[in-house]
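Have a look at the structure below before the remarks.
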There are 4 protein chains.
Amino acid sequence: MKNTKPKYKKIIDAAVEVIAENGYHSSQVSKIAKRAGVADGTIYLYFKNKEDILVSVFQEKMGQFIERIENQINDHETADKKLYSLIEMHFRQLAEDPHLAIVTQLELRQSKKELRLKINEVLKRYLALVDDILKEGMEEGVFHSHLNIKLVRQIIFGMLDEIVTNWVMKEQRYDLVDQAKEVHFVISNGLKIHQS
Amino acid sequence: MKNTKPKYKKIIDAAVEVIAENGYHSSQVSKIAKRAGVADGTIYLYFKNKEDILVSVFQEKMGQFIERIENQINDHETADKKLYSLIEMHFRQLAEDPHLAIVTQLELRQSKKELRLKINEVLKRYLALVDDILKEGMEEGVFHSHLNIKLVRQIIFGMLDEIVTNWVMKEQRYDLVDQAKEVHFVISNGLKIHQS
Amino acid sequence: MKNTKPKYKKIIDAAVEVIAENGYHSSQVSKIAKRAGVADGTIYLYFKNKEDILVSVFQEKMGQFIERIENQINDHETADKKLYSLIEMHFRQLAEDPHLAIVTQLELRQSKKELRLKINEVLKRYLALVDDILKEGMEEGVFHSHLNIKLVRQIIFGMLDEIVTNWVMKEQRYDLVDQAKEVHFVISNGLKIHQS
Amino acid sequence: MKNTKPKYKKIIDAAVEVIAENGYHSSQVSKIAKRAGVADGTIYLYFKNKEDILVSVFQEKMGQFIERIENQINDHETADKKLYSLIEMHFRQLAEDPHLAIVTQLELRQSKKELRLKINEVLKRYLALVDDILKEGMEEGVFHSHLNIKLVRQIIFGMLDEIVTNWVMKEQRYDLVDQAKEVHFVISNGLKIHQS
DNA sequence: TATGAATGAGTCTTCATTCAT
DNA sequence: AATGAATGAAGACTCATTCAT
């Protein structure tokens, strides 16, 4: 946690709610302040500007998100099981926090370059996690070792991201976690070495 | 082609250029008008509002994009070869039009709900294309027929989309089309039935 | 006249009034727009920003101010008579336009460097006028020719400026033009060569 | 000295520095507090509000300024010599304290009416000094006795003020005190009775 | 006395859209 | 069909001041 001051946390949480409900552009700073129960100006004691709120939300929430996946993964022994666990956790966590899901899948996709770069910075840790699983799978002799890890990492992240986005846009009307098995089947099958 | 009047086309093309160069938020209607060589007000003779320009760009360009893939695919006989062709064409077309790539991958990811829904409408035709290939592969007995087509379609689109986005964000410094083979390998391998 | 468009002039005149009545800092752009009978945004078709209104007021009004003095001066033959004419006209013009006097003497004395530099740019023409009179007087053998023109020019401008400012701050309760004779007496006496 | 408490003085001195360096509008109370080494709130134990800091700076510094001139003047016997001494001291003191010069000549020229009135209050003592010299000169039969003292006082103050302002705006690149002689020559010459 | 975290009022500016010509 | 001058709504951010400790 970057900052444990109670107002900081209250603002972050208020921001997730307000942005999920109204969209980033309709989430006036004053609206977030009111929801957090602080004065408008107080926001600026903790955040550089409005965009910084968005970045901070992502950093805080994604930090936890990734941490939980890291922990969970270690409970499993093979790369393939770890991969399944990652997929399942990815879906589960977003399914459990629909507000956060809306923010990460829709509202955070702003086109401002600076914002995108900061988001990518946070995602690096997640991608590193995927890399580790891939390398492990290759060392185990289970995954094709000629595959370009950077590319496969993009494939996996792209798959998961698109599936979650779809679920959010379909207004979360079905069970996201249910999809984990099949998604894992396809990608695992795709990476694995098969005897022919 | 929705509209063949010369000014309509000039505005569409100007919009792609201007948005690619400046980003959506810095692409004022007046800037697009100037680039297109028309008066500001003229824009509103052809488009309902600013967002409609963006949607129309997507419709026009994506219409062609999908059409070309449709044509190309028919030259191939098996579902797997069609799948490869789709991937290759997806990458090739965006690689050949970097301005368009920037617009579709970055600038179009605005969060306004209405816009996103219209974009999805256009993409339906693309997804239908993927569906056809998948069904064909299942009928051929090559792809696992128990797979949820809607989910696999998301997997494929998500993969390709993420890979193109990465390429755009890395400022197109490497050859995107080169990636087609490996991407096809992974997804094809993932969908195929293997003897164990 | 830099710009003869009627709205430009209306805004300039409204600005002088509003600023004279309320002071620069209490003269919101929207207040000026309303007084000028235009929309807020229209201001920005003619002026870069709020400060630019102030600068433009000065340029427009001071342009006329100086022009009139230039014309008037030419009617006189000796440097000393020209000097008197300059003083009289300086006072007369400001006395005739009390709103302008308030703006130039009080509201324009903002401390922002950029603004001050632009104001000085306009004043150069006025100072050049004074220089010419001084040189002429020296050539006539009437004014001391060893005097530093740049310094004397400051003396004259400073005198006049302070006297007008005092009059404005005393709420213009006495006749400013009445002072011209005595002021001219002192400075003329000060510059002239006397037999001792 | 209005207030001899050490923090009061520290705040005054910090204010002169900060305002000279940053300009009045960029001199936030918090910046002055930090420079003075006190908490923001402490400022308000010694000053009613931000403007009161500025007024107090002027009162403190101008009090000394005038006092020194008063003392110096008494060393001289004739009005004319006193006048020279006043001019020289005026220039010398500001030349020796460039921060103060910037504050008095540029930053203090804010347009808020209340502030200007308080500044004038302080200046009264200075103007009285000038008045005394003028009266003395008239009694000596050296200066024209028909001159309006209030007007001449403005002439003298305006001259000196403009010359110092110019020097400050020219970034103090030349010697201000050097100008005293010539300035005195002009005004003294202007006030004196010459035989014709 | 001293602190400094919190407050919240206040405004310039942009730009999508309109409409008289 | 085309123009482009004019419109006006909308909101992030600053900073002087307060007050509980």
Side-chain angles (χ1 to χ4, degrees), chain A residues 5-8 10-11 24-34 36-53, chain B residues 5-8 11 24-34 36-54, chain C residues 5-8 10-11 24-34 36-53, chain D residues 5-8 11 24-34 36-54:
Chain A
K5 293 181 187 168
K7 300 222 166 161
Y8 176 84
K10 266 162 68 180
I11 294 165
Y24 179 67
H25 286 296
S26 301
S27 295
Q28 294 82 347
V29 171
S30 60
K31 210 182 263 177
I32 295 173
K34 183 173 278 180
V38 300
D40 293 14
T42 304
I43 300 268
Y44 293 88
L45 296 177
Y46 297 94
F47 303 91
K48 219 169 65 251
N49 50 39
K50 189 183 171 187
E51 195 179 289
D52 190 34
I53 304 177
Chain B
K5 295 183 187 166
K7 295 217 172 170
Y8 176 83
I11 294 166
Y24 180 68
H25 284 297
S26 300
S27 296
Q28 295 80 350
V29 171
S30 61
K31 210 183 260 178
I32 295 172
K34 181 174 279 183
V38 301
D40 294 14
T42 305
I43 299 266
Y44 291 87
L45 299 175
Y46 296 93
F47 301 92
K48 215 168 71 248
N49 51 37
K50 188 184 173 184
E51 197 179 286
D52 189 34
I53 305 176
L54 206 53
Chain C
K5 294 180 188 170
K7 300 224 166 160
Y8 176 83
K10 266 162 68 182
I11 295 165
Y24 180 67
H25 286 297
S26 300
S27 295
Q28 294 82 348
V29 171
S30 60
K31 210 182 264 177
I32 296 172
K34 183 173 280 181
V38 301
D40 292 15
T42 304
I43 300 267
Y44 292 87
L45 296 177
Y46 297 94
F47 302 91
K48 221 170 63 251
N49 50 39
K50 189 183 172 188
E51 194 179 290
D52 189 36
I53 304 176
Chain D
K5 297 185 185 164
K7 295 217 172 170
Y8 175 83
I11 293 166
Y24 180 67
H25 285 297
S26 300
S27 296
Q28 295 81 348
V29 171
S30 61
K31 210 182 260 177
I32 295 172
K34 181 174 277 181
V38 302
D40 293 14
T42 305
I43 298 267
Y44 291 87
L45 298 175
Y46 295 93
F47 302 91
K48 214 169 71 250
N49 51 37
K50 189 185 173 183
E51 196 177 287
D52 189 34
I53 304 176
L54 206 54

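Predicted model, so just to flag it, every value in this text is computed and none were measured.
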Nucleic acid footprint by protein, nucleotides 7-15 of chain F - heavy-atom cut-off 4.0 Å, B for base, S for sugar-phosphate alone: BB--SSBBS
Counting N and O atoms only, with roles assigned by atom type, does the side chain of B:K31 sit under 3.5 Å from a partner on the main chain of B:S26, one being a donor and the other an acceptor? yes
Looking at every non-hydrogen atom in both residues, tell me the closest pair between A:K5 and A:Y46 and how far apart they are. CD-CE2, 3.7 Å
Range on DNA chain E touched by chain B, heavy atoms, distance below 4.0 Å: E:dC15 to E:dT18
Under the side chain to side chain contact (heavy atoms under 4.5 Å, CB included) test, which residues partner A:V38, sequence neighbours left out? A:K7, A:I11, A:A33, A:A36, A:T42
Restricting to side chain to side chain contact (heavy atoms under 4.5 Å, CB included), what partner residues turn up for C:S30, sequence neighbours left out? C:Q28, C:D40
With sequence neighbours left out, the residues meeting side chain to side chain donor-acceptor pair (under 3.5 Å) with B:E51 are B:K112
To the nearest 0.5 Å, how far apart are CD1 in A:I32 and CD1 in A:I53? 4.5 Å
Bracket string, DNA chain F, 5' to 3' - pairs by Watson-Crick or G-U geometry under 3.5 Å, | interstrand: .||||||||||||||||||||
Hits for ring-ring contact (aromatic ring centres under 6.0 Å, His included) against C:F47, two or more places apart or cross-chain, chain-then-number order -> C:Y8
Shortest non-hydrogen separation from A:H25 to B:H25 and the atoms involved: NE2-NE2, 3.6 Å
